[in-house]
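Each remark here refers to the structure printed beneath this line.
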Amino acid sequence: MNRQAVKNAQLHFDLQTRVLLGREDFFVAPCNTEAVRLVDSLPEMNAGALIYGGAGSGKTHLAHLFAENILKKTGEKTAFVNADALTLDASERILNGARFAVLENAGEGIGEEYLFHLLNAARNAKGCVLITARLPYREWNLRLPDLISRLSALPSAAVGLPDDNAMRYVLLKMFSDRQLRVPSDVIEYLLKRIERSFAAAQKAVEAADELSLTEGKNITVSLLSRLFH
């Protein structure tokens, strides 16, 4: 399917979205528009931000979009670190090598003093830290008053799961990227059988493509019934 066909399908589904190319395509939809706007505003407006949402909601994609934006705007690379690996030494190493960082999977149990140090160091370096988490910081059971105060000053945005219209477009685009034409009943069939997440859509399309290649058959509802019940 060519780009015009994908665009027409997008209009048919009445979904206002755009495609961001990075490590993987990122789909902007009503469920994540606020988070995308927040990421796009960094680092000019703030020294940090928090985006939160459930598994498969696209937080990692947003983090890489942030890194791409930083590279384009400043020519500098962004350091990535998982919250489980955050220590005082790690936070110092991050900011010694980069003014910009992504801290992924933050939440309850995080090293509070290390995070506070990281945020301070980034601010002093005129840098920026993007934090991703499943829950807003108020649900992390934090105890360090200075950290709570610092986090409360950061802008935050929730990343929701896609609705049916968004999922239709996502599935269509993912099949199209693989040079696969699928009838509308295949899309509707999958909608009823997979969770509402970009990750689930990707997994379903990959499984359908693999089975199609193995069997040497087109992707139909009959074929998919062997994968999804």
Subject >> Approximate separation, where rounding is to 0.5 Å, of Leu130 CG and Thr132 OG1 >> reply: 7.0 Å

Original post:
What is the distance from atom NZ of Lys77 to atom CZ of Arg99, rounded to the nearest 0.5 Å?
Top reply: 15.5 Å

**OP:** Could you label the plane-to-plane angle of the Phe228 and Tyr189 rings as parallel, tilted or perpendicular, counting under 30° as parallel and over 60° as perpendicular?
**Re:** perpendicular

Original post:
Taking NZ, NE, NH1 and NH2 as the nitrogens, is one of them in Glu44 or Lys73 under 4.0 Å from a carboxylate oxygen of the other?
Top reply: yes

**OP:** Answer yes or no: does atom CZ of Arg193 have more than 12 heavy-atom neighbours from other residues, nucleotides or ligands under 6.0 Å?
**Re:** yes

Original post:
Around Tyr52, counting heavy atoms of other residues, nucleotides and ligands shown, do more than 12 lie under 6.0 Å from its OH?
Top reply: yes

Subject >> Distance (rounded to the nearest 0.5 Å) between Glu108 CD and Tyr137 OH >> reply: 15.5 Å

Original post:
Any chance CD of Glu113 has more than 12 other-residue heavy atoms, nucleotides or ligands included, within less than 6.0 Å?
Top reply: no

Subject >> Exceeds 12 heavy-atom contacts within 6.0 angstrom, atom CZ of Arg37 >> reply: no

Subject >> Atom pair CD1/CG of Ile110 and Leu115 - distance to nearest 0.5 Å >> reply: 4.5 Å

Original post:
Atom CG of Asn82 and atom CG of Leu103: how far apart are they, to the nearest 0.5 Å?
Top reply: 7.5 Å

**OP:** Determine whether the side chains of Asp40 and Asn69 contain a donor N or O and an acceptor N or O closer than 3.5 Å.
**Re:** yes

Original post:
Does Arg134 CZ have over 12 foreign heavy atoms under 6.0 Å away?
Top reply: no

Original post:
CD/Glu195 to CG/Leu161 distance, rounded to the nearest 0.5 angstrom?
Top reply: 7.5 Å

Original post:
Between Asp146 and Arg150, is there a side-chain N and carboxylate O pair less than 4.0 Å apart?
Top reply: no

